[in-house]
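When reading the values below, keep in mind they use all heavy atoms of this one structure, side chains included, and skip hydrogens, waters and symmetry mates. Small disclaimer: the values here were computed from a predicted structure and weren't measured.
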Amino acid sequence: MSRSHVSHRDGHVYEFAPAMEPVYEAADGESLTVETIDSLNGAIQTDDDLLDAVPEEVNAATGPIAVAGATPGDVLAVEIEDVRVTEDRGRVLTAPGFGLLQDDPEIDHPATRITEVDADSGDGTGDEAGGRIAFEGLDVPIEPVIGTIGVATAEEAVSTLTPDDHGGNLDTTDMTAGTTAYFPVFQEGAMLAMGDSKAAMADGEMCGTGAEIGTEIDVTVTLSVVDDPEVPLDRPLVDTGDAVKTVASAETMEAAVELANRDVIRLLAHEHDFSRTEAYLFSSLVGGLEISQVVDPQVTARNAVPSEYLSVPF
């Protein structure tokens with residue numbers, strides 16, 4: 001059976017909202033290839049292309065994709081099978097008023113560096129398996145990441161530039177091949193959309209961008225229907241195979257890590273029949289706080305628990 005293909009040319013959005021018109025309806029369990037455009041809409045092609053070359057609307061997310069049978073209260077599971085770069089260059093740039101060190105007078109704002117992509121340079125093993133990108137004479141492994149991925153929101157429209165409980169601009173390095181991401185369903189059909197991929201990106205995304213690039217993403221969209229779930233899902237969750245990680249976004253890092261820890265406590269209490277206090281104590285033994293990004297309108301953090309101590313309850 002051929003794999004369905006959904007492209008940004010079929011449709012894309014610049015905000016996640018309660019009411020969204022799908023560009024495609026996927027069956028429960030269907031496999032798709034989703035084609036995305038770089039977050040700067042192809043406007044940056046050379047080092048001389050700066051912020052003024054970027055269109056007003058950026059960060060397009062391909063979709064939305066309705067999933068048949070998804071209803072509010074369900075959980076949407078998105079198995080990310082592969083992420084392939086489809087361009088020969090990535091784009092890293094700074095912008096005035098954007099990024100962790102936006103007020104540093106010794107850093108040029110704006111500034112652009114094109115990262116030439118050699119997707120065929122890997123030797124098929126280890127860090128070389130996925131090819132390399134070049135930055136100022138240095139090679140960096142290609143490790144593609146989906147920056148923006150989420151579903152229709154519960155109440156208000158949220159820009160694709162902003163992360164929240166629906167997902168969105170999470171800029172989380174775990175959103176890559178081999179991960180299954182879980183999202184709470186707030187609207188009929190879930191309305192999945194994704195984009196803002198990077199050929200490489202560090203945790204934190206300090207300057208505000210990774211190596212922004214177009215991609216093809218192979219995903220299997222499955223729907224886990226949980227009637228009156230014992231452990232409701234309020235925010236995204238990822239299973240990397242090695243760890244289960246809660247993902248939370250908030251206005252401050254303190255608030256984000258607190259939400260991520262509260263979500264882990266609930267999962268640990270369910271898994272091990274712990275009291276809330278016992279789960280809190282145990283989280284301090286086996287959990288691990290990680291920074292996803294610190295540069296979007298809200299910041300994103302995750303709390304990772306090794307899979308030997310925690311499994312996905314859906």
Side-chain angles (χ1 to χ4, degrees), residues 8 12-16 36-62 83 85-119 132-150 158-164 168-173 175 194-215 249 251-253 256 291-301:
H8 60 91
H12 54 269
V13 295
Y14 292 101
E15 65 178 19
F16 293 90
T36 71
I37 192 172
D38 78 87
S39 65
L40 306 169
N41 291 4
I44 303 296
Q45 297 295 330
T46 73
D47 288 355
D48 294 328
D49 294 331
L50 302 177
L51 181 67
D52 57 5
V54 177
E56 183 175 345
E57 286 190 312
V58 295
N59 223 52
T62 298
V83 184
V85 299
T86 57
E87 299 181 78
D88 61 2
R89 70 194 65 198
R91 306 136 181 100
V92 187
L93 72 157
T94 69
F98 187 49
L100 186 60
L101 303 181
Q102 58 188 263
D103 299 321
D104 190 323
E106 297 183 0
I107 296 176
D108 294 333
H109 300 286
T112 297
R113 292 294 183 274
I114 296 298
T115 58
E116 299 297 334
V117 171
D118 185 356
R132 316 288 288 182
I133 65 173
F135 182 91
E136 297 292 310
L138 300 173
D139 287 342
V140 177
I142 294 176
E143 297 177 342
V145 172
I146 307 168
T148 296
I149 181 169
V158 178
S159 166
T160 55
L161 291 168
T162 302
D164 212 310
N169 197 20
L170 298 170
D171 284 321
T172 293
T173 54
M175 294 295 183
M194 66 190 76
D196 181 35
S197 295
K198 298 90 167 47
M201 184 186 74
D203 277 334
E205 199 188 20
M206 279 72 73
C207 80
T209 59
E212 309 294 318
I213 200 164
T215 57
S249 301
E251 291 186 1
T252 67
M253 186 56 65
I291 296 173
S292 290
Q293 59 80 25
V294 294
V295 294
D296 295 330
Q298 296 201 105
V299 298
T300 304

J.: Tell me, please, which residues at least two apart from F98 pass ring pair (Phe, Tyr, Trp, His ring centres under 6.0 Å).
T.: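 None.
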J.: Around I291, counting heavy atoms of other residues, nucleotides and ligands shown, do more than 12 lie under 6.0 Å from its CD1?
T.: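 For I291, atom CD1 is not crowded (no more than 12 foreign heavy atoms under 6.0 Å).
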J.: Should the pair D171-K198 be classified as a salt bridge under the 4.0 Å nitrogen-to-oxygen rule?
T.: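 Salt bridge present between D171 and K198.
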J.: Considering only heavy atoms from C-beta outward, does the side chain of I133 approach that of E116 to under 4.5 Å?
T.: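 In short, these two side chains do not touch, never coming nearer than 4.5 Å.
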J.: For the side-chain hydrogen bond (donor to acceptor under 3.5 Å, both in side chains) test, which of T300, T172, N169 pairs with S292?
T.: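 When side-chain hydrogen bond (donor to acceptor under 3.5 Å, both in side chains) is applied between S292 and each of T300, T172, N169, only T172 qualifies.
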J.: Does E136 CD have over 12 foreign heavy atoms under 6.0 Å away?
T.: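 Above 12, so yes.
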J.: Measure the CD-CD distance between Q293 and Q298 for me, rounded to the nearest 0.5 Å.
T.: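 That separation rounds to 9.0 Å.
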J.: Of all residues at least two apart in sequence or in a different chain, which pass the side chain to side chain contact (heavy atoms under 4.5 Å, CB included) check with D139?
T.: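 Only R132, A134 meet the side chain to side chain contact (heavy atoms under 4.5 Å, CB included) criterion with D139.
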J.: Given T148, which partner from the list T36, N59, T160 fulfils the side-chain hydrogen bond (donor to acceptor under 3.5 Å, both in side chains) test?
T.: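 Running side-chain hydrogen bond (donor to acceptor under 3.5 Å, both in side chains) over T36, N59, T160 with T148 returns exactly one hit, N59.
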J.: Which residue pairs pass the salt bridge (Lys or Arg N to Asp or Glu O under 4.0 Å) test when at least one of the two sits in residues 101-110, sequence neighbours left out?
T.: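 Of all non-adjacent pairs touching residues 101-110, none passes salt bridge (Lys or Arg N to Asp or Glu O under 4.0 Å).
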J.: Within the structure provided, determine whether T115 and V92 are in side-chain contact (heavy-atom separation under 4.5 Å).
T.: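 Sidechains of V92 and T115: in contact.
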J.: Is there side-chain contact between D48 and T112, with heavy atoms separated by less than 4.5 Å?
T.: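 They are not in side-chain contact.
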J.: Quick one: CG on D38 to NE2 on H8, what's the gap to the nearest 0.5 Å?
T.: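 It is 9.0 Å, given to the nearest 0.5 Å.
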